[in-house]
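Below is one structure, written out as structure tokens, with a few remarks after it.
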Amino acid sequence: MDKKVGVKILSSGSYVPEKVLTNFDLEKMVETSDEWISTRTGIKERRILDKSQTTSDLAYNAAVKAIEKAKISVDDIDLIIVATISPDAPMPSTACYLQKKLKAFNAVAFDISAACSGFIYGTTMAKAFITSGLYKKVLVVGVEALSRVTDWTDRNTCVLFGDGAGAMIFEASETENDIVSTYLGADGTHTKILNIPAGGATLPTTQETVEQRLHFVKMVGKEVFKVAVSKMALAVNKAQELAGLTDNDINLYIPHQANLRIIEAVAKKAGVTKEKVYVNVHKYGNMSAATTIIALDEAYREGRIKKGDLVELVAFGAGLTWGACILKINF
């Protein structure tokens, strides 16, 4: 009889660009204020990549940190999954650009597009690929260069977004089961409330689409808020049910860092103890697919996560997509 294959988490790593864009900087760019942004979002500053950098550069820096911590060779990695909605180019995949920069030529490489839920979707895929026996060591990266798809003339959205990358390495194990549970959801009936309208087959790039600024993120904030709170709270509880756990078992919650109001509302609706919720949205803003993994890596380095702790990630994004996963941190 074949032995059951589990998943061990080897390491995490994260990277954010050096350039800091504060609310006071934004006051000089659009009609807004530090008070207006802070009160409505909890964001004080965000990181912006340099003109010479691209999405795969951010991913590379995060991946190298994770690889070094895991003490493995790039040749050991046999699958690279990159979650992003701000790729280097429409094709090829950012994962292929990353593979080239890492020189990880033994790896299969592809992107997934699940917006802010991307890292959780990627983690779920890593578990499926490993437990099926197809791959043994998987690098999952959540990365965004959202400053490249942000309309810096739209005060309602430009205050929200930042750039960064986080990475995690998983491997097959006969003794460990560090991805305790995952739960994913999607609802394509809400595609129009959070999207980038142009640049695809529906609205190919033309002079008109550029002039109408249709290649930037568009959002109906009130609608997104309402659905986000409901679905993230649902996901938190579903992942716990699947694992046979309760709030008392979870050591730290890491929600998608989109907006402090959303984070607080989700915690209240899901019945989560406020003291267990990790928040860094004030420093980085919304980094979409990168938020949960960057926050996990930062919490680990700060000592908020100890060996053996159970950490629950939860996110919500364009699609609409949502998901949660419970991870046991043993690295």
Side-chain angles (χ1 to χ4, degrees), residues 2-17 49 53-84 87-88 92-112 118-145 164-179 182 289-290 292-301 305 307-308 311 313 325 327-331:
D2 292 338
K3 291 183 179 179
K4 188 175 181 180
V5 179
V7 180
K8 179 175 176 56
I9 301 173
L10 291 183
S11 65
S12 65
S14 62
Y15 172 81
V16 292
L49 81 172
Q53 293 178 306
T54 189
T55 307
S56 61
D57 292 323
L58 304 182
Y60 172 82
N61 281 288
V64 165
K65 290 181 180 181
I67 291 166
E68 289 175 349
K69 276 198 254 180
K71 297 179 180 178
I72 62 171
S73 164
V74 291
D75 294 332
D76 296 327
I77 299 168
D78 49 13
L79 175 61
I80 298 170
I81 302 173
V82 172
T84 187
D88 280 30
S93 69
T94 299
C96 283
Y97 285 110
L98 174 59
Q99 184 217 47
K100 179 182 177 182
K101 289 174 181 178
L102 289 172
K103 296 182 173 60
F105 297 119
N106 290 333
V108 175
F110 63 86
D111 289 358
I112 59 172
F119 181 76
I120 296 171
Y121 267 63
T123 296
T124 303
M125 294 178 74
K127 180 178 182 178
F129 275 120
I130 289 172
T131 57
S132 72
L134 280 174
Y135 300 107
K136 293 183 178 179
K137 280 190 175 63
V138 181
L139 168 65
V140 179
V141 180
V143 57
E144 301 291 2
M168 185 164 271
I169 298 175
F170 304 91
E171 76 167 356
S173 172
E174 294 180 358
T175 59
E176 304 292 340
N177 185 29
D178 292 344
I179 304 178
T182 67
T292 51
I293 178 57
I294 287 178
L296 185 153
D297 185 63
E298 189 167 84
Y300 180 81
R301 287 185 283 109
I305 299 172
K307 192 176 179 66
V311 178
L313 313 185
C325 64
L327 306 178
K328 188 173 184 180
I329 307 302
N330 276 320
F331 57 86

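- To the nearest 0.5 Å, atoms NZ (Lys328) and NZ (Lys8) are separated by 9.5 Å.
- Looking only at side-chain heavy atoms (C-beta outward), Ile9 and Asn330 stay at 4.5 Å or farther from each other.
- When side chains are defined from C-beta on, Val82 does not count as touching Ser93, because their heavy atoms never get closer than 4.5 Å.
- Between Ala62 and Ala165, the shortest heavy-atom distance links the atoms CB-O, 3.6 Å.
- Of the possible polar contacts, one joining the Asp111 side chain to the Ala95 backbone as a donor-acceptor pair under 3.5 Å is found.
- Considering CD1 of Ile77 and CG of Leu139, their distance stands at 5.0 Å, rounded to 0.5 Å.
- Using a 4.5 Å heavy-atom threshold, the side chains of Leu10 and Phe170 count as separate.
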* **Step-by-step side chain to side chain contact (heavy atoms under 4.5 Å, CB included) determination, Val7 to Thr131** => CA-CA 7 Å; Val7 180; Thr131 57; 4.0 Å; yes
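- Contact check for Val64 versus Leu102: side-chain heavy atoms found under the 4.5 Å cut-off.
- Under the 4.5 Å side-chain criterion, counting only non-hydrogen atoms from C-beta, Ser56 is in contact with Thr94.
- Taking each heavy atom of Asp78 and Val138 in turn, the nearest pair found is OD1-N, 4.5 Å.
- The aromatic rings of Phe129 and Tyr135 sit perpendicular to each other, their planes meeting at more than 60°, with 30° as the lower class boundary.
- The number of heavy-atom neighbours closer than 6.0 Å to NZ of Lys101, taken from other residues, nucleotides and ligands shown, is above 12.
- Once rounded to the nearest 0.5 Å, the distance linking CG of Leu327 with OG of Ser12 reads 10.0 Å.
- Nearest heavy atoms, Ile294 versus Ser14: CG1-CB, 4.0 Å.
- The shortest non-hydrogen separation linking Phe119 to Ala289 is CB-O, 3.5 Å.
- Proximity of Met125 to Leu79: side-chain heavy atoms (C-beta onward) are nowhere separated by under 4.5 Å.
- In this structure, Ala290 and Gly164 approach most closely via the heavy-atom pair CB-O, 3.4 Å.
- Listed here is the closest heavy atom pair of Ile81 and Gly122: CD1-O, 4.0 Å.
- At distances below 3.5 Å, not a single donor-acceptor pair connects side-chain atoms of Asn61 with backbone N or O atoms of Leu58.
- Taking 4.5 Å as the limit, some side-chain heavy atom of Leu98 sits within range of a side-chain heavy atom of Tyr60.
- In terms of modelled atom types and a separation under 3.5 Å, the side chain of Tyr97 and the main chain of Thr54 share no donor-acceptor contact.
- Atom CG in Leu296 sits 4.5 Å away from atom CE in Met168 (nearest 0.5 Å).
- Applying the side chain to side chain donor-acceptor pair (under 3.5 Å) rule to pairs touching residues 62-77 yields Lys69-Asp297, sequence neighbours excluded.
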* Asked: Would Lys127 and Cys325 satisfy side chain to side chain contact (heavy atoms under 4.5 Å, CB included), going step by step from the backbone distance to the final call?
  -> CA-CA 11 Å; Lys127 180 178 182 178; Cys325 64; over 6 Å; no
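- Between Ile169 and Ile67, the closest side-chain pair of non-hydrogen atoms falls below 4.5 Å.
- Under the salt bridge (Lys or Arg N to Asp or Glu O under 4.0 Å) criterion, Lys137 pairs with Glu171, not counting sequence neighbours.
- In Tyr15, the OH atom is crowded: over 12 heavy atoms of neighbouring residues, nucleotides or ligands sit closer than 6.0 Å.
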